[in-house]
Participant: 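A single structure is presented below for examination.
This one's a predicted model, so the numbers in the text were calculated from it and none came from an experiment.
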Amino acid sequence: MNKVSEMFGSKVFNIAVMKERLPKDVYKAVQNTVKNGKRLDSNVADVVANSMKDWAIENGATHFTHWFQPMTGVTAEKHDSFISPTDDGHIIMEFKGKELVQGEPDASSFPSGGLRATFEARGYTAWDPTSFAFIKGKTLCIPTAFCSYGGEALDKKTPLLRSMEAINRQALRVLKLFGNDAASVKTTVGPEQEYFLVDKDMYDKRPDLLYTGRTLFGAKPPKGQELDDHYFGTIKSRVAAFMNELNEELWKLGILAKTEHNEVAPAQHELAPIFATTNIATDHNQLTMELMQRIAKKHNMVCLLHEKPFAGVNGSGKHNNWSISTSDGVNLLEPGETPHENAQFLLFLCAVIKAVDDYQDLLRISVASAGNDHRLGANEAPPAVVSMFLGDELTEILESIVSDSSYDSKERVQMKIGVHVLPRFAKDTTDRNRTSPFAFTGNKFEFRMLGSSASVSGANIVLNTAVAESLKQFADELEGREDFNDALHELIKRVIKEHKRIIFNGNGYDDAWIAEAEKRGLLNLKSTPDCLPYYILEKNEKLFSEHKVLSPSELNARYEIKLETYSKTLNIEALTMVDMVNKDILPAIAEFINTLSQGVNNKKAAVPGAECKYEEKVISKLSALAALICDKCEALDKALCALPDGDDALKTAVYYKDVVFDAMNALRESVDEAEVITDRKYWPYPGYGELLFGVR
Ligand code: ADP
Ligand code: MG
């Protein structure tokens, strides 16, 4: 199987396979479920399950699993074989409809944020028929949502599906006003994924990479990314072999891996797929990250998905390209050619502008993690302030609508929405600003604040729900208005006027912008503990519960989990540092000092009065640093022992940020200083030069 077209989707139980294998009426019933969310009845489910099993076995599978996305951020699966015993002591391969539709993983150890005490009933998984089953290794994987028996979401998929329903509901109301009777509206996502590849032998020698996914120590090598010679550079052969295999495996799973190139930092790369419906794109991105890690190992490399594996060079992010389209495939963020299309476009554009302004806090929270805190605002990723880039031309058009003045001074006509055609604006110029957190790129938005390791579901849950809320308010206002065009014109004018503070087309990395943003009243929530308290504000609780995306208790659970994950991450990092310093770094420095000292003694015995400048200088410098490292390590250890009392998760997280993190940075500084003057042979770990450039 060499041809890409043959390979593509060969491990997916997709429409083509269903059409070929299922009886016509069963196929129709499944389609009805996929398109309209109709429940499959159990007879139909049995037929589908059996056919799925036969197909999976023919393709080498022996097991099946309900594949789900718990709140750990990675995917989970528990494998069961198809084997079923018969009365006569033999076995048959069996897979029943109810096993397809619902599963019961023993999931008591997954984080639930208090939603499900470990002693209570287990959660269950439910098939998401809109995302196709696929084969991974020898296992048939069934994409599922994961809930408690009370129906509370315990995963990242359930609220995502709910948010898609919310935006579908509200967008259809708005489309109806324009005489558009589309059957459904879906959001689409194309996530661009950044990652690092490092040699596995070197990776294995670094406890920090092994335990935390990032280097906690490491002096800067003589060369970093300053020459920009890695960006789009030729791809090394080992990396190329990895990329080829990755592409093939992704294609087999029906994932539209499209572009790949080297990124800015050395050893950094990017992969972008062609966009898909949001829940499928989310599943695919999870699979992509998983395959990247598995396939890298086959090439004796490790794929680092951490947001900041190395200090001093860029970290990794994920760009979430997002749009809304109808079941007929019409992109609602495409400006269109006629006054009618333009008016509809402007209303959807305004829905996004209003959503981003009203829910800046939630967007910021959706990308918050200990790892991403290293990037946001550090001049390698957008600042922590959420703003929107529309491009000068589109912004000018909006301004002319607000001020009732003409956009093109030559024409001298006032733009009347629904009557006049929007002046053309060049698409290409809209994508040049790379510093904006949220950029309009001609027919979609690119949300650029996401971290590389996170699931894209969080960001899209917020986007879908916040835009659904804007659309709801618009529909409430416009429905039943006889003078639709006038009402629309006034509404658009008002929304732009009220929310134009969120639009910023300048350089987001500039300090002046941060000052300006503050003047405009925009939020600047620098760290995860800074932003998380906003999660449970009443306005946000109301948003999620009114659109039936997250109940107040589900929201609160997520708030707790995010805080706990932050604190746990920093705790592991701090403990790893202490461990590395005590067991490897200080002993290595002591050994080197000892060797130098013996050398001095030997030298002086052999040639009395011989010059020992180098040795003496390094001995005293390193001795002083070792003392400092020893003190700072003890201080870090003490900080970890002095956690605030009680179980206030926010207080604990703030303590980790303010006290522990500072102690970690102080310790690193001295260790990195020592690394620079220590003989390579004595330093216990491969350094940045080796990890990033393979130089020793
Ligand atoms: P670039 O940002 O490099 O110019 P593209 O504009 O082609 O590249 O798109 C970048 C990403 O945006 C790709 O993953 C692409 O599939 C995705 N994308 C394009 N159109 C849409 C859309 N309507 N909805 C969601 N994602 C989209
Ligand atoms: Mg991009």
Participant: Would you check if the side chain of Arg214 reaches a backbone N or O of Pro309 as a donor-acceptor pair within less than 3.5 Å?
Facilitator: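 Pair absent, no side-chain N/O of Arg214 close to backbone of Pro309.
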Participant: Compute whether any side-chain donor of one residue and acceptor of the other, for Gln69 and Asp283, lie under 3.5 angstrom apart.
Facilitator: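 Checked: Gln69/Asp283 side chains pair up, N/O donor to acceptor below 3.5 Å.
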Participant: Is a donor on one side and an acceptor on the other found under 3.5 Å between the side chain of Thr277 and the backbone of Ile280?
Facilitator: no
Participant: I'd like to know whether CD of Glu546 has more than 12 heavy-atom contacts from other residues, nucleotides or ligands below 6.0 angstrom.
Facilitator: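 Count over threshold, so yes.
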Participant: I'd like to know if Glu477 pairs up with Arg494 as an ion pair, taking the criterion as any Lys NZ or Arg NE/NH1/NH2 lying under 4.0 Å from an Asp or Glu carboxylate oxygen.
Facilitator: yes
Participant: Under a 3.5 Å cutoff, is there a donor and acceptor pairing between the side chains of Asn331 and Ser325?
Facilitator: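 Asn331 vs Ser325: no donor-acceptor pair found between side chains.
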Participant: Could you tell me if Asn556 and Ser553 have a donor-acceptor pair between their side chains, going purely by distance under 3.5 Å?
Facilitator: no
Participant: Indicate the ring-plane relationship of Tyr535 and Phe544, choosing parallel, tilted or perpendicular according to the 30° and 60° boundaries.
Facilitator: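 If you compare the ring of Tyr535 with that of Phe544, the planes turn out perpendicular.
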Participant: Angle class for the Tyr688/Phe310 ring planes (parallel below 30°, perpendicular above 60°, tilted otherwise)?
Facilitator: perpendicular
Participant: Are any side-chain N or O atoms of Glu573 and backbone N or O atoms of Leu570, one a donor and one an acceptor, separated by less than 3.5 Å?
Facilitator: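 Absent.
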Participant: Measure from the side-chain N and O atoms of Arg668 to the backbone N and O of Gly218, and report whether any donor-acceptor pair falls under 3.5 Å.
Facilitator: yes
Participant: For Glu192 and Asn321, does a side-chain donor sit closer than 3.5 Å to a side-chain acceptor?
Facilitator: yes
Participant: Compute whether any side-chain donor of one residue and acceptor of the other, for Gln193 and Ser452, lie under 3.5 angstrom apart.
Facilitator: no
Participant: So, taking the atom named CG in Leu650 and the one named CD1 in Ile536, what distance separates them when rounded to the nearest 0.5 Å?
Facilitator: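 Spacing of CG (Leu650) from CD1 (Ile536) equals 8.0 Å.
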Participant: Could you check whether Gln473 and Lys354, counting side-chain N and O atoms only, form a donor-acceptor pair closer than 3.5 Å?
Facilitator: yes
Participant: Any salt bridge linking Lys500 with Glu399? Criterion: basic side-chain nitrogen under 4.0 Å from a carboxylate oxygen.
Facilitator: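 Not counted as a salt bridge, because no side-chain N and carboxylate O are separated by less than 4.0 Å.
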Participant: Ring-plane angle category for Phe447 and Phe438, please: parallel below 30°, perpendicular beyond 60°, tilted otherwise.
Facilitator: tilted
Participant: Strictly by modelled atom types, are Asn505 and Thr395 linked by a side-chain donor-acceptor pair under 3.5 Å?
Facilitator: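 Yes.
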Participant: Does OH belonging to Tyr211 count more than 12 external heavy atoms closer than 6.0 Å?
Facilitator: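 Count not over threshold, so no.
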Participant: How many angstroms lie between NE2 in His547 and CD1 in Ile461, if you round to the nearest 0.5 Å?
Facilitator: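 Here the rounded value is 14.5 Å.
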Participant: Is the shortest distance from a Lys or Arg side-chain nitrogen in Lys444 or Glu334 to a carboxylate oxygen in the other one below 4.0 Å?
Facilitator: no
Participant: Regarding Asp155 and Thr158, do their side chains bring together a donor and an acceptor under 3.5 Å, going by distance alone?
Facilitator: yes
Participant: Side chain to side chain donor-acceptor pair (under 3.5 Å): which pairs involve residues 649-665, sequence neighbours left out?
Facilitator: Asn571-Tyr656
Participant: State plainly whether the residues Asp361 and Lys539 are in salt-bridge range, i.e. N to O under 4.0 Å.
Facilitator: yes
Participant: Would you call Arg501 and Asp358 a salt bridge, taking side-chain N to carboxylate O under 4.0 Å as the test?
Facilitator: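 Salt bridge absent between Arg501 and Asp358.
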Participant: If we ignore hydrogens and angles and just use 3.5 Å, is the side chain of Ser400 paired with the main-chain N or O of Ile397 as donor and acceptor?
Facilitator: yes
Participant: Count the heavy atoms belonging to other residues, nucleotides or ligands that lie under 6.0 Å from NZ of Lys493, then report whether that count exceeds 12.
Facilitator: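 Yes, because the 6.0 Å sphere around NZ of Lys493 holds more than 12 heavy atoms from other groups.
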Participant: Given Ser316, which of Gln268, Glu194, Glu307 fulfils the side-chain hydrogen bond (donor to acceptor under 3.5 Å, both in side chains) condition?
Facilitator: Gln268
